[in-house]
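Just below is one structure, and these are the notes that go with it.
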There are 2 protein chains.
Amino acid sequence: MTVTLADVAARAQVSPATVSRVLNGNYPVAASTRERVLRAVDELDYVLNGPASALAAATSDLVGILVNDIADPFFGIMASAIQSEIGGPGGRAGGERLAVVCNTGGSPERELTYLTLLQRQRAAAVVLTGGAVEDSAHASAVGNKLRKLADAGTRVVLCGRPPAPEAIALTFDNRGGGQRLTEHLIGLGHRRLGYIAGPEERTTTRHRLEGHRDALAAAGIEDDPRRTVHGRYDRHAGYEATLELLHRDPSITAVVAANDTVALGACAALRDSGLRIPDDVSVAGFDDLPFSIDAVPALTTVHLPLAEAGARAGRIAMGREEPPASGIATVPGELVVRGSTGAPRE
Amino acid sequence: MTVTLADVAARAQVSPATVSRVLNGNYPVAASTRERVLRAVDELDYVLNGPASALAAATSDLVGILVNDIADPFFGIMASAIQSEIGGPGGRAGGERLAVVCNTGGSPERELTYLTLLQRQRAAAVVLTGGAVEDSAHASAVGNKLRKLADAGTRVVLCGRPPAPEAIALTFDNRGGGQRLTEHLIGLGHRRLGYIAGPEERTTTRHRLEGHRDALAAAGIEDDPRRTVHGRYDRHAGYEATLELLHRDPSITAVVAANDTVALGACAALRDSGLRIPDDVSVAGFDDLPFSIDAVPALTTVHLPLAEAGARAGRIAMGREEPPASGIATVPGELVVRGSTGAPRE
DNA sequence: CTGTTAGCGCCTTCAA
DNA sequence: TTGAAGGCGCTAACAG
């Protein structure tokens, strides 16, 4: 029925072992023999049986990339960069690895299940992207999994995720970025800033918020808890949170959002409330996703080098780049000032 | 070293076959036995060997989803919906399938390589999303692959992609949508419309453009080829193309873009040229991606039910929904009129 | 309901 | 440089 390695061997008049060697290119094979084998492969339209090969070799060419939300360009951009470095078809690596994106939807259980599935497949490497959930039970469960994966020979890399002892980590400086962003606003003269934070339990949320508070504290501005609202990382949450902030304190002169998407929602809410940006209220985002430059006015935000970080994570996962000496590298964010922030109204 | 099924069997004092049956749940097993087995699995922290299981069973639990550009929400939204229906961990299906997204980057070669890799893994199903490249060599190569996959028992579904004899297809009515969009503009009084098309060789590009031309023809408006510019499906292309259109014919009163992302670029170019939207020039997009409502003014566009179509494709791929009788279902797009289009200037 | 018995297709020593 | 042979870990008949 299906063509097997043995069929190819028969046709090329060599042993199965030789065919295997030609296909894997790990052992010396005479040029003429290789020629014959490749012709047979072609004629028979042979396709290697992945499971059989993985079973015998005890490793597979599967590489998993975990993302929180595949519909969010934040993850799409990273995943794309990672995948292109992993090789996959046509990638720089030229290899034949099956780089594959798994969407956890931000759910801890799905994250664990995906890790198990990848472990099952004896994945060659796993890259986890984005912030983690701050739940000690889950954190230790993930830690266990990662250790087991690593023990089984799977390379594990974290990209844009807080460091963990079990893996190499490229971490975004969310705290520093958040701080610089708020400093910028304070520098413009703002004193009453609303802050729209992400979901409470996420590391990214906490770090960005801490940076914001650091900046407030440094400027001697009281951190009124009523000026902080939590919500999801989406536009709708930004819209609702902004209305809530305005309701709680109509005198705020700036809104700092957990990310660009949330900031867009904030802009919409402000417009719908008859407020001008930045004349009445300044707005700032985070991430510098492609669309943020198309907001009107264009969004002031913190640029994160998602593609660069992803590419590096991909190379490290493939063993084509030295991991950082300490096992942890911090990737800085860069403040990008555009039209959505200005001096507060008088 | 690693725990195997036999270890579990020994610990639970049953045969390997019984353990296998418990794990797969395909055969009746006494409750008490199952209990014992599951406990052993737990105590030993056993993880099934995917490749071995796939080899023996001649099928795997891997499901591939091919997308042209994972950083584009158009694909992200579809992929997310597909994946959630496929089950994957925690999905509705509750199953244990490894639903996985592969990024072809729009490259025909990578598309083929991914299909081969998936074939190699004996994937349970494959979903191809987005427009295809109109190259007969490539089309037949893909067709061959799809047939082979199908012959090997892999379910193949196309989502938002033109029909092919080898697979079930859910196709977007790009032509009809394009037509209604241009009709809308003509209805507003526009007679000189610029059109920014996607890459020449893509089916999506052609269909949307045909719809546009159908509408022009029906209204007796000459289709001046100088009013059509091709470019990539990104913001930058939209920007450049708009400048080019304005250069060729400053009297145009509307710009129809190949998709929303391109439309954003068009908006930026118009603004930078000192033109107001829609007072001086109307702009229309396609797809109705989430950000299109945040454009200022909000974008008139054609809404495509990406999530619904993706979910349906996922269910069909899992055999949980009847495929359309003819093997082809056309998914209509809905005209959404917002602020970016209006009557032409005097 | 459960155990026994063969492979699934390939890789990888070991010899030659 | 090539061939022979064993086994990777699991599933799927077939008995019982």
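Protein chains get the first letters and strands the later ones, always in sequence-line order, with residue 1 at the start of each. It should be emphasised that the depicted structure is a prediction, and the values quoted were computed from it without experimental measurement.
OP1 or OP2 of dT2(D) lies within a sub-4.0 Å distance of a side-chain N or O belonging to Thr33(A). Residue Ser20(B) places no side-chain N or O under 4.0 Å from the OP1 or OP2 atom of dA12(D). An OP1 or OP2 oxygen of dT11(D) is reached within less than 4.0 angstrom by a side-chain nitrogen or oxygen of Asn24(B).
When distances are taken from the side chain of Ser15(B) to each of dT4(C), dC8(C), dC8(D), the shortest belongs to dT4(C). The Ser53(A) side chain lies nearest to dC10(C) when the options are dG9(C), dC10(C), dT11(D). Nearest to the side chain of Val29(A), among dT2(D), dT1(D), dG9(D), sits dT2(D). Candidate nucleotides dG9(D), dT2(D), dC10(C) were compared by shortest atom distance to the side chain of Ala30(A), and dT2(D) ranks first. For Pro16(B), taking side-chain heavy atoms from C-beta onward, the closest of the listed nucleotides dC10(C), dT2(D), dT11(D) is dT11(D). Checking dG9(D), dC10(C), dA12(D) against the side-chain heavy atoms of Leu48(A) singles out dC10(C) as nearest. Closest to the side chain of Ala17(A), out of dC8(C), dA4(D), dA12(D), is dA4(D). Listed nucleotides: dT2(C), dT11(D), dG3(D). Nearest to the side chain of Thr18(A): dG3(D).
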Trace of the side-chain contact (heavy atoms from CB on, under 4.5 Å) decision for Leu118(A) with Leu62(A): CA-CA 8 Å; Leu118(A) 257 8; Leu62(A) 191 75; 4.0 Å; yes
Can you check side-chain hydrogen bond (donor to acceptor under 3.5 Å, both in side chains) on Gln119(A) and Asn49(B), steps first, answer last? CA-CA 8 Å; Gln119(A) 182 184 10; Asn49(B) 184 317; over 6 Å; no
Show the numbers, then the answer: is there a side-chain hydrogen bond (donor to acceptor under 3.5 Å, both in side chains) between Asp61(B) and Gln121(B)? CA-CA 9 Å; Asp61(B) 55 2; Gln121(B) 300 295 333; over 6 Å; no
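Partner of Val19(A) under the side chain to side chain contact (heavy atoms under 4.5 Å, CB included) criterion, chosen from Asp7(A), Asn24(A), Val37(A), Thr33(A): Val37(A). Residue Leu23(A) is tested with Val8(A), Val41(A), Val29(A) for a side chain to side chain contact (heavy atoms under 4.5 Å, CB included); the sole match is Val41(A).
Straight-line distance from the CD atom of Gln121(B) to the C1' atom of dG9(C): 14 Å, rounded to whole Å. Put simply, CG on Leu5(A) is 6 Å from P on dC11(C), counting in whole angstrom units. Between the C1' atom of dT1(D) and the CZ atom of Arg34(A) lies a distance of 12 Å, rounded to the nearest Å. What separates CZ of Arg21(B) from P of dT2(C) is a distance of 8 Å, to the nearest Å. One atom, OH of Tyr27(B), and another, P of dT11(D), lie 11 Å apart when rounded to the nearest Å. Per the geometry, CG belonging to Leu55(B) stands 4 Å off C1' belonging to dC8(C), to the nearest Å. Between the P atom of dG9(D) and the CG atom of Leu23(B) lies a distance of 16 Å, rounded to the nearest Å. If you take CZ of Arg122(A) and P of dG9(D), they are 8 Å apart, rounded to a whole angstrom.
Across all strands, Val19(B) comes closer than 4.0 Å to no nucleic acid atom at all (heavy-atom distances).
Residues Ala57(B) and Ser32(B) each lie close to DNA chain C; by heavy-atom proximity, the contact nearer the 5' end of the strand is made by Ser32(B).
Side chains of Thr18(A) and Ser15(A): a donor on one and an acceptor on the other come within 3.5 Å.
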